[in-house]
Amino acid sequence: MNLGGVMSKIKIYLNKIEKNAKMIKNICDSYNVSINAVTKGVCGDIRITESIIKSGISELADSRIENIKKIRGAGIKSKFMLLRPPSYEKLKDNIDLVDEILISEVETLQKTVDFCEEEGHDLDFIYMIDLGDLREGVWYKNAVEEISYALSVDGGRIVGIGTNLGCYGGVVYTKEKMIELVEIKRKIEKKTSRKLKKISGGSTAALQLLYREELPAEINNFRIGEAILLGTDTTNDVEIEWLNKDTMLFCAEIIELKEKPTVPVGKIGKDAFGRDPVFKDRGIRKKAILDVGEQDIFPSGLKPIDKNIKVIHASGDHLICDVTDCDKELHLGDEIVFRMTYGCMMRAMNSEYIKKIYL
């Protein structure tokens, strides 16, 4: 029993993360696809970043200048792609930290180019195209016109185009989408007589195109985070069979263990987050309350290692699990161990209340 001492924690298996990165690098190398390993999911964690670098991946990517500053401050010399343009003032103060920026606005491009020329900074740009997922990028139907104009004012700094799918609209990467991106590149090159050397074609969800041999040869860069860190692909709803999945395990302690009904007693309103709760009457069940809540994790993103344990829901500070069918006899102070989805892992890594243990 461990009552009253140990906070919830993530056990981070650095060797498994390094192995995942190495395996992904090997398959991407065989198709001449470079990788920017994405560190935003772990808040620029230094130990994890160092493990990724050990795999041979030499270029990183993050959406937050603060994470990049932390990694640079630890002496890591890798090239950095900035995935999301920051405010102009923040960029001016930190532009020396990055080598490449994903952009989607001509005005942002012009301001940044002007500043780079004033200060003598060498910085490349990837112009993003929205192929239908409705996140960042010029709408694909307008891409040739807008990017052609951008190439006339970029001072020669746009080196390629890119796209992102799956993160907002859930649009999956397909051979047809990638061909569409390549065709846009060809039209831009024909119109402007400028060669674009890079097509940053996607994220973890695009990896499947490699081993199905459906990726056009012109696509030569991926931005990979989830597959390296967790061995999973949320957009395609799969565990990648050739990667390690037990890379980062979440552990929480039982602080209450009692039998209770499965439907509340009394008039029901909204929960603490303004949602309308729904309950199914399953009679009296044994429930474990754990020392973590929605302030720290997405409850729906926790997957118990013991398949007989079911996550029911959470409040801000309590996670409630049904342990009635658990084969092991549980006690107060015992830990329950979970795998995490990418979104759950991101929130947990951001929480100062969750201890990180490196193994």
Side-chain angles (χ1 to χ4, degrees), residues 10 12 14 17-18 20-21 24-25 28 34-53 55 57-74 76-87 90-91 93-95 97-104 108 124-126 128 133 135-137 162-170 173 200-207 221-235 243 247-248 250 296-298 301 340-352 354 356 358:
I10 301 175
I12 302 167
L14 297 171
I17 292 173
E18 179 184 343
N20 278 357
I24 292 168
K25 181 180 184 300
C28 286
S34 66
I35 298 174
N36 285 85
V38 178
T39 54
K40 67 176 183 178
V42 292
C43 310
D45 184 281
I46 301 303
R47 299 278 301 271
I48 293 174
T49 302
E50 288 174 338
S51 295
I52 293 171
I53 295 297
S55 75
I57 293 176
S58 60
E59 298 189 15
L60 304 174
D62 207 295
S63 58
R64 300 176 189 270
I65 282 286
E66 294 84 356
N67 293 341
I68 298 173
K69 184 182 290 187
K70 179 165 66 173
I71 293 170
R72 293 289 199 207
I76 295 174
K77 307 288 187 187
S78 300
K79 286 189 173 181
F80 248 112
M81 174 188 285
L82 183 60
L83 299 174
R84 182 187 69 183
S87 66
K90 190 176 287 187
L91 180 60
D93 292 339
N94 298 281
I95 199 168
L97 298 175
V98 301
D99 304 282
E100 194 170 52
I101 300 181
L102 306 187
I103 58 163
S104 57
T108 301
D124 292 334
F125 296 91
I126 301 291
M128 296 298 282
D133 197 60
R135 208 179 77 170
E136 84 275 27
T163 196
N164 182 78
L165 299 173
C167 284
Y168 176 75
Y173 287 90
S200 188
S203 58
T204 287
L207 277 174
N221 176 256
F222 281 169
R223 310 172 305 276
I224 306 292
E226 181 184 356
I228 292 172
L229 298 169
L230 297 176
T232 56
D233 173 358
T234 297
T235 300
L243 294 176
T247 49
M248 303 176 73
F250 182 77
D296 312 290
I297 46 85
F298 291 127
M340 297 176 285
T341 63
Y342 186 67
C344 183
M345 181 270 295
M346 287 182 74
R347 181 174 286 189
M349 287 298 292
N350 266 287
S351 176
E352 64 181 274
I354 294 176
K356 285 73 179 179
Y358 303 91

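We use all heavy atoms of the structure for the numbers below, so side chains are in, but hydrogens, waters and symmetry mates are not.
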Give a yes or no answer on whether the side chain of [X] reaches the backbone of [Y] with a donor-acceptor pair at less than 3.5 Å.
{"X": "Asp133", "Y": "Gly169", "answer": "yes"}
{"X": "Glu136", "Y": "Met128", "answer": "no"}
{"X": "Lys40", "Y": "Asn67", "answer": "no"}
{"X": "Ser55", "Y": "Ile52", "answer": "yes"}
{"X": "Thr247", "Y": "Leu229", "answer": "yes"}

Open item on the list: Could you check whether Arg72 pairs with Asp62 (Lys NZ or Arg NE/NH1/NH2 to Asp/Glu carboxylate O, under 4.0 Å)?
Closed with: no
TODO: Could you go through the side chain to side chain contact (heavy atoms under 4.5 Å, CB included) check for Ser200 and Arg223 one step at a time?
DONE: CA-CA 7 Å; Ser200 188; Arg223 310 172 305 276; 2.7 Å; yes
Less than 4.5 Å apart, side chain to side chain, heavy atoms only: is that true for [X] and [Y]?
{"X": "Leu91", "Y": "Ile101", "value": "yes"}
{"X": "Thr39", "Y": "Ile48", "value": "no"}
{"X": "Ile297", "Y": "Phe250", "value": "yes"}
{"X": "Thr235", "Y": "Leu165", "value": "no"}
{"X": "Lys79", "Y": "Asn36", "value": "no"}
{"X": "Ile228", "Y": "Ile57", "value": "yes"}
{"X": "Met345", "Y": "Ile10", "value": "no"}
{"X": "Tyr342", "Y": "Thr204", "value": "no"}

Where do [X] and [Y] come nearest, in terms of heavy atoms and distance?
{"X": "Gly231", "Y": "Asn20", "answer": "N-ND2, 3.9 Å"}
{"X": "Ser351", "Y": "Asp296", "answer": "OG-OD1, 2.6 Å"}
{"X": "Leu14", "Y": "Ser51", "answer": "CB-OG, 3.3 Å"}
{"X": "Ile53", "Y": "Ser78", "answer": "CD1-OG, 2.9 Å"}
{"X": "Ile46", "Y": "Ala74", "answer": "CD1-CB, 3.7 Å"}

Find the distance between [atom1] ([X]) and [atom2] ([Y]) and round it off to the nearest 0.5 Å.
{"X": "Leu83", "Y": "Asn164", "atom1": "CG", "atom2": "CG", "answer": "9.0 Å"}
{"X": "Ser104", "Y": "Arg84", "atom1": "OG", "atom2": "CZ", "answer": "12.0 Å"}
{"X": "Ile35", "Y": "Ile24", "atom1": "CD1", "atom2": "CD1", "answer": "6.5 Å"}
{"X": "Lys70", "Y": "Asp45", "atom1": "NZ", "atom2": "CG", "answer": "6.5 Å"}
{"X": "Asp233", "Y": "Tyr173", "atom1": "CG", "atom2": "OH", "answer": "10.0 Å"}
{"X": "Ile354", "Y": "Arg347", "atom1": "CD1", "atom2": "CZ", "answer": "10.0 Å"}

TODO: Show your reasoning for whether side chain to side chain contact (heavy atoms under 4.5 Å, CB included) applies to Phe125 and Thr108.
DONE: CA-CA 11 Å; Phe125 296 91; Thr108 301; over 6 Å; no
Task: side chain to side chain donor-acceptor pair (under 3.5 Å) assessment of Thr234 paired with Glu226 - done: CA-CA 8 Å; Thr234 297; Glu226 181 184 356; 2.7 Å; yes
Open item on the list: Taking salt bridge (Lys or Arg N to Asp or Glu O under 4.0 Å) as the definition, give me every residue that meets it alongside Glu100, ordered by chain and number, with sequence neighbours left out.
Closed with: Lys198
TODO: Identify, with sequence neighbours excluded, every residue that meets salt bridge (Lys or Arg N to Asp or Glu O under 4.0 Å) alongside Lys90.
DONE: Glu66
- [ ] Report the C-alpha separation of Val38 and Met81 in whole Å, then their side-chain angles, then the decisive distance to 0.1 Å, and conclude whether the side chain to side chain contact (heavy atoms under 4.5 Å, CB included) test is met.
- [x] CA-CA 9 Å; Val38 178; Met81 174 188 285; over 6 Å; no
- [ ] Flag yes if more than 12 heavy atoms outside Tyr168 fall under 6.0 Å of its OH atom; otherwise flag no.
- [x] no
TODO: Given side chain to side chain contact (heavy atoms under 4.5 Å, CB included), test Cys28 with Leu207 step by step and report yes or no.
DONE: CA-CA 8 Å; Cys28 286; Leu207 277 174; 4.0 Å; yes
